[in-house]
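Working notes, structure below.
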Amino acid sequence: GVFPPRSIGEPMKEPRFKVGQRFKTRGKYPSVCVVVDILRTFNLAGECVSLRYVATHEFCGQTITDHDVADATIARGLIDG
């Protein structure tokens, strides 16, 4: 799908993806990840200056958690459903 445009460097106020969204990573050994949380960072003025996602995937029977997943990473590997 087409996402609404935003200027470069402008922090996102609302997340584009919801908890539970599945996406596939890139690289030699891609894995299917699931968004499990959304992290927001605010400055002293109360403005949202950063938005990151927490995602998990399975590796050798263990759950691996990544706490610094960018919006673009999810957008590149979206899986419907």
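One finds the NE2 atom of His57 at 10.5 Å from the CD atom of Gln62 (value rounded to the nearest 0.5 Å).
Here the side chains of Ile74 and Val69 are in contact, with some heavy-atom distance below 4.5 Å. Counting only heavy atoms from C-beta outward, the side chains of Leu51 and Pro15 approach each other to under 4.5 Å. With contacts defined as side-chain heavy-atom distances shorter than 4.5 Å, the pair Tyr53/Asp71 qualifies. Considering only heavy atoms from C-beta on, Lys18 stays 4.5 Å or farther from Val35 through its side chain.
Listed by first and then second residue, the salt bridge (Lys or Arg N to Asp or Glu O under 4.0 Å) pairs involving residues 29-47 amount to none (not counting sequence neighbours). Residue pairs satisfying the salt bridge (Lys or Arg N to Asp or Glu O under 4.0 Å) criterion with at least one member in residues 48-64, sequence neighbours excluded, are listed as follows: Arg52-Asp68.
Val34 shares a hydrophobic cluster with no other residue; no ILVMFWY side chain has heavy atoms under 4.5 Å from its own. Within the hydrophobic cluster formed by Ile, Leu, Val, Met, Phe, Trp and Tyr side chains joined at under 4.5 Å, directly or through other members, Val36 is accompanied by Leu39, Val54.
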Report the C-alpha distance between Gln21 and Leu78 in whole Å, list the side-chain angles of each, state the deciding distance to 0.1 Å, and finish with yes or no for side chain to side chain contact (heavy atoms under 4.5 Å, CB included). CA-CA 8 Å; Gln21 175 67 55; Leu78 276 181; 3.4 Å; yes

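Residues that satisfy the side chain to side chain donor-acceptor pair (under 3.5 Å) test with Ser31, not counting sequence neighbours, are Thr25. With sequence neighbours excluded, the residues satisfying side-chain contact (heavy atoms from CB on, under 4.5 Å) with Val32 are Arg22, Ile79.
Listed here is the closest heavy atom pair of Ile64 and Phe59: CG1-CB, 3.7 Å.
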